[in-house]
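A note on names: the letters A, B, ... follow the listed sequences, proteins ahead of strands, and every chain is numbered from 1.
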2 protein chains.
Amino acid sequence: MTEVCKVYEEHLDKILEAQKKLPEEETILEISDFFDALGNPTRLKILFALIEDELCTCDLSNITGLSVSAISHQLRILKDRKIVAYRKDGKNVFYRLDDEHVREILKVALRHMEE
Amino acid sequence: MTEVCKVYEEHLDKILEAQKKLPEEETILEISDFFDALGNPTRLKILFALIEDELCTCDLSNITGLSVSAISHQLRILKDRKIVAYRKDGKNVFYRLDDEHVREILKVALRHMEE
DNA sequence: TCTACATTTGAGCAATTGTGCAAATGTATT
DNA sequence: AATACATTTGCACAATTGCTCAAATGTAGA
């Protein structure tokens with residue numbers, strides 16, 4: 001990144017203003033991780049399936065038509081990013097949405113697509 | 001995907017219920033594309049920079065510290081997915097958020113991280 | 001302890017992504 | 001037409017991703 005264009009001086013105010021209001025790098029990375037987790041068809045299916053009720057790994061495999069292993073890999077990502085939570089019950093592990101924000105965002109996105 | 005676990009029969013009701021409520025494959029792919037576009041630090045910086053005001057490619061390069069080329073590549077993705085819109089003015093191209101939903105979702109995400 | 005089943009994990013691989021570079025394309029001014 | 005500047009585009013390449021397969025781990029019951 002070496003280039004700087006000549007409008008720099010002219011737009012200086014807007015640039016400084018926008019720069020000042022930009023969230024911190026760390027926050028940007030966190031939010032980016034969050035959206036990145038939602039930006040995959042398999043993970044989205046998992047999340048939409050969990051909107052109503054908790055489900056186990058195997059249920060999610062049945063619902064999505066993907067291998068148990070594939071689901072488990074994706075669940076780990078969602079778990080690491082605190083998007084889903086889980087509880088163990090015997091041989092099963094039941095997953096659920098971890099946060100109301102997630103439900104809210106999924107709904108806004110669905111609305112966004114339908115309009 | 002060959003395995004089917006034995007809880008299938010037992011959980012059948014929940015599975016069918018969840019499957020029925022899952023959005024269509026095409027909708028899932030659209031929403032996934034949408035979140036995928038937000039799930040990248042550079043593109044997020046662009047979007048947060050555009051929350052208040054329109055900016056040109058070069059401004060966005062200055063604000064983010066990335067090359068004009070890198071910004072332009074990312075803007076194309078955001079443009080293709082109808083997340084930003086643009087207007088041309090002489091040699092400059094000014095970009096802006098294309099949709100209130102995007103602003104709304106960015107705000108919910110920011111809140112999500114801060115809590 | 002042995003067996004069965006649910007889940008997780010690690011390796012490996014094809015496919016996709018994000019960036020810089022260099023060249024091409026717009027656009028205005030002289 | 002020639003020049004200058006803003007932007008876009010195609011190529012290349014390292015890095016990352018999502019899946020399968022096979023093996024490992026957890027858990028319950030005989």
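Atom OH in A:Tyr86 sits about 9 Å away from atom P in C:dT8, given to the nearest Å. Taking atom CG of residue B:Asp33 and atom P of nucleotide C:dT16, one finds them 13 Å apart after rounding to whole Å. Look at CZ on A:Phe94: it is 8 Å from P on C:dT7, rounded to the nearest Å. The interatomic distance linking B:Arg76 (CZ) with D:dC11 (C1') rounds to 13 Å, in whole Å. Nucleotide D:dA6 holds its P atom 16 Å from the CZ atom of B:Arg87, rounded to whole Å. C:dT9 atom C1' lies 11 Å from atom NZ of A:Lys79, rounded to whole Å. Between B:Ile15 atom CD1 and C:dA6 atom P the separation is 11 Å, expressed in whole Å. The CG atom of B:Leu75 sits 16 Å away from the P atom of D:dA6 (whole-angstrom rounding).
If you check C:dT7, C:dT9, C:dG20 against the side chain of A:Cys58, the one that comes closest is C:dT7. The side chain of B:Ser69 sits closest to D:dT9 out of D:dT9, D:dT8, D:dA6. Between C:dG10, D:dC5, C:dT7, one nucleotide has an atom nearer to the side chain of A:His73 than all others, and that is C:dG10. Comparing atom distances between the B:Cys56 side chain and each of D:dT27, C:dT7, D:dT7 picks out D:dT7 as nearest.
Across the interface with DNA chain D, nearest-nucleotide mapping of A:Lys91 and A:Asp36 shows A:Asp36 to be the residue nearer the 5′ end.
Checked for salt-bridge contact, A:Glu54 and A:Arg87 meet the test: a charged N lies under 4.0 Å from a carboxylate O. Between A:Glu100 and A:Arg103, at least one side-chain nitrogen of the basic residue sits less than 4.0 Å from a carboxylate oxygen of the acidic one, meeting the salt-bridge criterion. No salt bridge links A:Glu104 with A:Lys107; every basic N to acidic carboxylate O contact stays at or beyond 4.0 Å.
Between A:Tyr95 and C:dT8, a side-chain N or O to OP1/OP2 separation shorter than 4.0 Å is present. Residue A:Thr42 has no polar side-chain atom (N or O) positioned under 4.0 Å from OP1 or OP2 of D:dG18. Considering only side-chain N and O atoms, B:Thr57 lies under 4.0 angstrom from the phosphate OP1 or OP2 of D:dT8. Within the 4.0 Å cut-off from OP1 or OP2 of C:dG20, at least one side-chain nitrogen or oxygen of B:Ser67 is found. Between A:Gln74 and D:dC19 there is a side-chain polar atom (N or O) within less than 4.0 angstrom of OP1 or OP2. Side-chain N/O atoms of B:Asn92 include one lying less than 4.0 angstrom from OP1 or OP2 on D:dT7. The side chain of A:Asn40 contributes an N or O atom lying less than 4.0 Å from OP1 or OP2 of D:dG18.
The aromatic rings of B:His112 and A:His101 sit perpendicular, their planes meeting at an angle over 60°, well past the 30° parallel limit.
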- request: Go through A:Asn62 and A:Cys58 one step at a time and tell me if the side-chain contact (heavy atoms from CB on, under 4.5 Å) criterion holds.
  value: CA-CA 6 Å; A:Asn62 281 313; A:Cys58 175; 3.8 Å; yes
